[in-house]
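Have a look at the structure below, then the notes.
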Amino acid sequence: MKKSIYGLTFEQLSAFLIENGQKKFRAAQVWDWLYKKRVTQFADMKNVNSECIELLESNFAIQTLEQAVKQESADGTIKFLFKMQDGNLIETVLMTFPYGHSVCVTTQVGCNIGCSFCASGLLKKNRDLDAGEIVEQIMNVQHHLDAKGTDERVSHIVVMGIGEPFDNYSNLMNFLRVVNDQKGLMIGARHITVSTSGLTPKIREFAEENIQINLAVSLHAPNNELRTRIMKINRAYPIEKLMDAIDYYLETTNRRITFEYILLNDVNDHVAEAEQLAKLLHNKRHLSYVNLIPYNPVDEHDQYTRSEPENIKKFYETLKKRGINCGVRLEQGTDIDAACGQLRSKQIKKEKAV
Ligand code: SAH
Ligand code: SF4
């Protein structure tokens, strides 16, 4: 099976071409065809010599994902289910906002972190996606937009699909460098957000990358007892260690960080937890934003339900009163199972049933 050429950074492609006797300028031409003109076959790269085309064809594929399902929601959110070359299924979501088109990408087939509320964690990680398979999700959505003929671009990316991105770090970084590159898709680093369940060594490593990508941390609870109950990763990386790594990130980058907090009815949504959360973030409140996320019900996790609107409001107001920047996430595509991992898990159940 050939790997997708989208997984190579510009520097990696240049090195490959030069090693194989091609001129230096070829890499720029090939990237132009891939990311500006967006062809889907090497043979369509008209000003590239045939020897180079053959070299590319015999080493890489352009498309390795096959679209299995495309569901459109009433609010315009589109969910794509892709089949990879090895038969594994992954999902990608396109959300359209007034500020642009945002794509949510998957980084692993399944997830080993196994958070108690998440559909993606229902299935253990089968494998990591390579960088090309992650970039290809963006390209597929871009090709979908191109087909409309209205010159619309993917402008934002959230790495919040299936998987723990920091458990697939080098592929994640290659993906980020490719989509951010000025010679390619030019998606601004400030328009890209990576979400992690809190792998502290990787938060530190990420702080040292010379790239302005936004970081979001799935916190979901303000104390260890509660956090361990809903996210077992908290045993390995408890809140003190997590906050140390976050402080390091903030000192190193001086960039704002987002804390994600799913509101689970009568579990973590009391005013007491809001107070505790405000205290926890007090010393970094000038660089913090708390994203309150109404829980998206998952059939297999029926011990959880969504918080009552009045409790969401109280939680929000308590944080505000304590000087914490926060907002309640707008929902998109709930009618099409757009919450992470849900479409995939339903499709797998359907396939098993037939
Ligand atoms: N593994 C990473 C990124 C993918 S999950 C992480 O956990 O951060 C992206 C976000 O969706 C996380 O904040 C996660 O906690 C949240 N999420 C998972 N299941 C959800 C559900 N059923 N309803 C609402 N948010 C959910
Ligand atoms: Fe994995 Fe994130 Fe789901 Fe937790 S919330 S199981 S880390 S995908």
Side-chain angles (χ1 to χ4, degrees), residues 77 90-93 95 102-126 128-129 134 137 157-169 171-172 175-176 192-200 202-203 206 213-221 226-237 242 245-246 257-265 267-269 289-307 312 326-334 336-346:
T77 299
I90 55 164
E91 57 188 69
T92 307
V93 183
M95 293 160 289
S102 179
V103 177
C104 178
V105 293
T106 285
T107 53
Q108 298 180 313
V109 181
C111 182
N112 279 344
I113 309 292
C115 301
S116 65
F117 47 79
C118 176
S120 303
L122 288 169
L123 297 156
K124 281 229 161 286
K125 182 178 89 173
N126 176 307
D128 287 329
L129 264 62
I134 312 176
Q137 296 172 59
I157 295 176
V158 288
V159 186
M160 295 191 183
I162 301 165
E164 168 47 54
F166 281 178
D167 183 38
N168 185 13
Y169 194 81
N171 286 311
L172 171 76
F175 157 72
L176 295 173
I192 304 176
T193 303
V194 175
S195 174
T196 178
S197 57
L199 308 191
T200 60
K202 295 297 174 196
I203 292 176
F206 195 64
I213 306 263
N214 303 309
L215 182 63
V217 174
S218 295
L219 189 59
H220 307 325
L226 191 54
R227 193 163 188 266
T228 302
R229 186 138 61 89
I230 60 181
M231 297 175 76
K232 60 183 197 262
I233 185 77
N234 194 62
R235 277 199 205 103
Y237 304 115
L242 181 57
I246 287 168
I257 204 162
T258 297
F259 292 95
E260 292 159 284
Y261 196 103
I262 302 184
L263 290 162
L264 304 165
N265 187 28
V267 175
N268 65 352
D269 65 345
Y289 179 83
V290 176
N291 204 351
L292 299 170
I293 308 171
Y295 173 61
N296 228 318
V298 175
D299 293 349
E300 291 81 353
H301 301 312
D302 60 3
Q303 74 274 35
Y304 297 127
T305 54
R306 174 176 293 198
S307 295
I312 298 180
C326 59
V328 181
R329 174 136 99 203
L330 287 173
E331 289 174 80
Q332 294 239 328
T334 38
I336 54 161
D337 305 316
C340 69
Q342 291 188 36
L343 180 64
R344 172 171 180 261
S345 78
K346 284 198 182 161

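Just so you know, ligand 1 is whichever comes first in the structure, and atom 1 is the first atom listed for that ligand. The residues of the chain are indexed from 1 along the displayed sequence.
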Check your understanding: When you look for heavy atoms under 4.0 Å from ligand 2, do you find them on the side chain of Cys115, its backbone, both, or neither?
Key -> both
Check your understanding: Short list, please: which atoms of ligand 2 are under 4.0 Å from a heavy atom of Ser197?
Key -> 7 (S)
Revision key, fill the gap. In terms of heavy-atom contacts, Tyr295 and Arg306 come closest through O-NE, 2.8 Å
Exercise for review: Run the numbers for me: atoms of ligand 1, each under 4.0 Å from some heavy atom of Glu164, listed by number.
Suggested key: 1 (N), 2 (C)
Review point. Quick one: which ligand 1 atoms are inside 4.0 Å of a heavy atom on Thr196?
Key: 6 (C), 8 (O)
Review point. Counting backbone and side-chain atoms alike, does Cys118 have an N/O/S atom under 2.8 Å from atom 3 (Fe) of ligand 2?
Key: yes
Review point. Name the one of Ile90, Ile157, Val93, Val103 that satisfies side-chain contact (heavy atoms from CB on, under 4.5 Å) with Gln137?
Key: Ile90
Practice item. State the atoms of ligand 2, each with its element, that fall below the 4.0 Å cut-off from a heavy-atom position in Cys111. Key: 1 (Fe), 6 (S), 7 (S), 8 (S)
Practice item. State the CG-CG distance between Leu263 and Asn268, to the nearest 0.5 angstrom. Key: 6.0 Å
Check your understanding: Hey, which atoms in ligand 1 end up nearer than 4.0 Å to a heavy atom of Val298?
Key -> 22 (N)
Check your understanding: Would you say Asn168's side chain and Thr107's backbone share a donor-acceptor pair under 3.5 angstrom?
Key -> yes
Exercise for review: With the side chain counted from C-beta on, respond yes when Thr196 and Phe206 share a heavy-atom pair under 4.5 Å apart, and no when they do not.
Suggested key: no
Check your understanding: Would you say the side-chain atoms of Thr106 pair up with the backbone N or O of Glu91, donor to acceptor, closer than 3.5 Å?
Key -> yes
Review point. Does Gly163 reach ligand 1 with a nitrogen or oxygen that is under 3.5 Å from one of the ligand's nitrogen or oxygen atoms?
Key: yes
Revision key, fill the gap. Numbered in order shown, the ligand 1 atoms found under 4.0 Å of a heavy atom of Ser218 are 6 (C), 7 (O), 8 (O), 12 (C), 13 (O), 15 (O)
Check your understanding: For ligand 2, is there an atom lying under 4.0 Å from some heavy atom of Gly114?
Key -> yes
Practice item. Run the numbers for me: atoms of ligand 1, each under 4.0 Å from some heavy atom of Glu260, listed by number. Key: 10 (C), 12 (C), 13 (O)
Exercise for review: Report yes or no: does Glu260 contribute a side-chain atom to a donor-acceptor pair with the main-chain N or O of Ile293 at less than 3.5 Å?
Suggested key: no
Review point. Considering distance alone, does some N or O of Tyr295 sit under 3.5 Å from an N or O of ligand 1?
Key: no
Exercise for review: State if Gly161 counts as touching ligand 1 under the rule of any non-hydrogen atom under 4.0 Å.
Suggested key: yes
Revision key, fill the gap. Of Arg329, His220, His301, the one whose closest heavy atom lies nearest atom 15 (O) of ligand 1 is His220
Review point. Out of Leu199, Thr107, Ile262, Ile113, whose heavy atom is nearest to atom 7 (S) of ligand 2?
Key: Ile113
Check your understanding: Looking only at heavy atoms, what is the nearest atom pair of Phe117 and Val298, with distance?
Key -> O-CG2, 3.7 Å
Practice item. May I ask which of Asn296, Ile262, Leu264 has a heavy atom nearer to atom 16 (C) of ligand 1 than the others do? Key: Ile262
Practice item. Check each atom of ligand 2 against the heavy atoms of Gly163 and keep those under 4.0 Å away; list them by number with element. Key: 8 (S)
Revision key, fill the gap. Minimal heavy-atom distance between Asn291 and Val328, with the atoms involved, is OD1-C, 4.4 Å
Study note, to complete from the structure: Closest non-hydrogen contact found for Ala216 with Met160 is CB-CE, 4.4 Å
**Study point:** Side chain Asn126, main chain Val109, donor-acceptor under 3.5 Å
**Key:** no
